[in-house]
Amino acid sequence: MKASDQTFTATVDRITDLSPTVREFTLRPDGGVLPHAPGSHLGVEVPVGERRTVSRHYSLVGLPGDGVWRIAVKHLPGGRGGSRAMWRLEEGARLQVRAPASHFELDHRATEVLLLAAGIGVTPLVGMAQALAARAAARGDVRVRMVQVARSEAELVFADVLAQTLGDRLRTVVTGAGQTLDIEAEIAALGPQAQLYVCGPAALMARVRSAWAAAGRPAVQLRFETFGTSGDHAAQAFTVKLPRHGLTLDVPADSTLLDALERAGVEVLADCRRGECGLCAVDVLSVEAGTIDHRDVFFSAAQRAAGRQLCACVSRLSGSSACVVLDSSYRPEAGS
Ligand code: FES
């Protein structure tokens, strides 16, 4: 069993509204917390009904230290239902959580780092900023600065903690106040060995990746995590047909395609569950109605436009009565 498959029961110790749309949950696991690296996330089984839960990943905020795990959840009315269910929780609720894991690791040998966060994407970068600032203060062998982007002043969550940690190495950009993020200029200001860590919506990631490549920077020096769940359209229910399995499934608005396939016993490989690794990609045979709302950051723009595959963990169909026909890796046994 992988360490990240280990499950715990945790109590929701405290709930704090950080902004009109972001709520912080302090979780106290029975038996104490496990340590986590900056950039780690927690798998949470979010109760969405009497006996039903959905799996969601939330970044751990800050460095470990006081016997609790902190996550922050943005309320997404058009999302898949996980955030709405989290917001219905009350202090004292009991939750199943999985051990911290990370797909977004900080390179502790980096000598210059820019952290770029947009919206709720700030959550994994708080711990990174704290770790890098502590290293800079202790050893002076890393330069770090951060740019935090939000729609409004009120949505600059954790900016107070970050300002305490980074001082004038933190810059905020409030887009609703007419301020703009100049990604090309931020990249141009970096030394050749600098690393860029980005977390934010998929559209921002696409811009950063293309600016990074256009500047001739090595791909390995750009590290990112995205919340690849915010598509072009609000989540809607749709139908999926799997001719190889003889199955037709309804995917509710509050479920991912991957969850629906797994519930029906259809095996699909998956790892990140946030549209980054591409492991859950399934072949699209046809779209009978509606359009594919690609919500991943794995496929290129050309691959998305071709529409031959989609990432089942985040992407879905939009349009009324939308229906997609998928192939899967399943092949019936000969003679069965
Ligand atoms: S599981 Fe990684 S992209 Fe879907």
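Nothing here was measured: the structure is a model prediction, and the numbers come from that model. Counting convention: from 1, in listed order, for ligands and their atoms alike.
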Kindly confirm whether atom 4 (Fe) of ligand 1 is within less than 2.8 Å of some N/O/S atom in Cys311? no
Carboxylate-amine/guanidinium proximity below 4.0 Å for Arg308 and Asp283: no
Using a 4.0 Å cutoff against the non-hydrogen atoms of Cys313, which atoms of ligand 1 qualify? 1 (S), 3 (S), 4 (Fe)
Do the charged groups of Glu262 and Arg273 touch, with an N to O distance under 4.0 Å? yes
Consider only side-chain heavy atoms of I, L, V, M, F, W and Y, link residues closer than 4.5 Å, and tell whether Trp212 and Leu181 are in one cluster. yes
At a 4.0 Å threshold, what atoms of ligand 1 neighbour a non-hydrogen atom of Cys277? 1 (S), 2 (Fe), 3 (S)
Residue-ligand contact Asp271/ligand 1, heavy atom below 4.0 Å: yes
Indicate yes or no: does Arg207 engage Glu184 in a salt bridge with an N to O separation below 4.0 Å. no
Does any non-hydrogen side-chain atom of Arg244 lie less than 4.5 Å from one of Leu326? no
Heavy-atom count around Arg151 CZ within 6.0 Å, excluding the residue itself: above 12? no
Using the six-membered ring wherever Trp is involved, compare the ring planes of Trp69 and Phe8 and label them parallel, tilted or perpendicular (cut-offs 30° and 60°). perpendicular
Atom indices of ligand 1 within 4.0 angstrom of Cys280 heavy atoms, with elements: 1 (S), 3 (S), 4 (Fe)
Only heavy atoms of Arg273, strictly under 4.0 Å: list the atoms of ligand 1 that pass. 1 (S), 2 (Fe)
Among all protein heavy atoms, pick out the one at the shortest distance from atom 3 (S) of ligand 1; state its residue, atom name and that distance to 0.1 Å. Gly278 N, 3.2 Å
Using a 4.0 Å cutoff against the non-hydrogen atoms of Gly275, which atoms of ligand 1 qualify? 3 (S)
Relative to the heavy atoms of Glu276, which atoms of ligand 1 are at a distance of less than 4.0 Å? 3 (S)
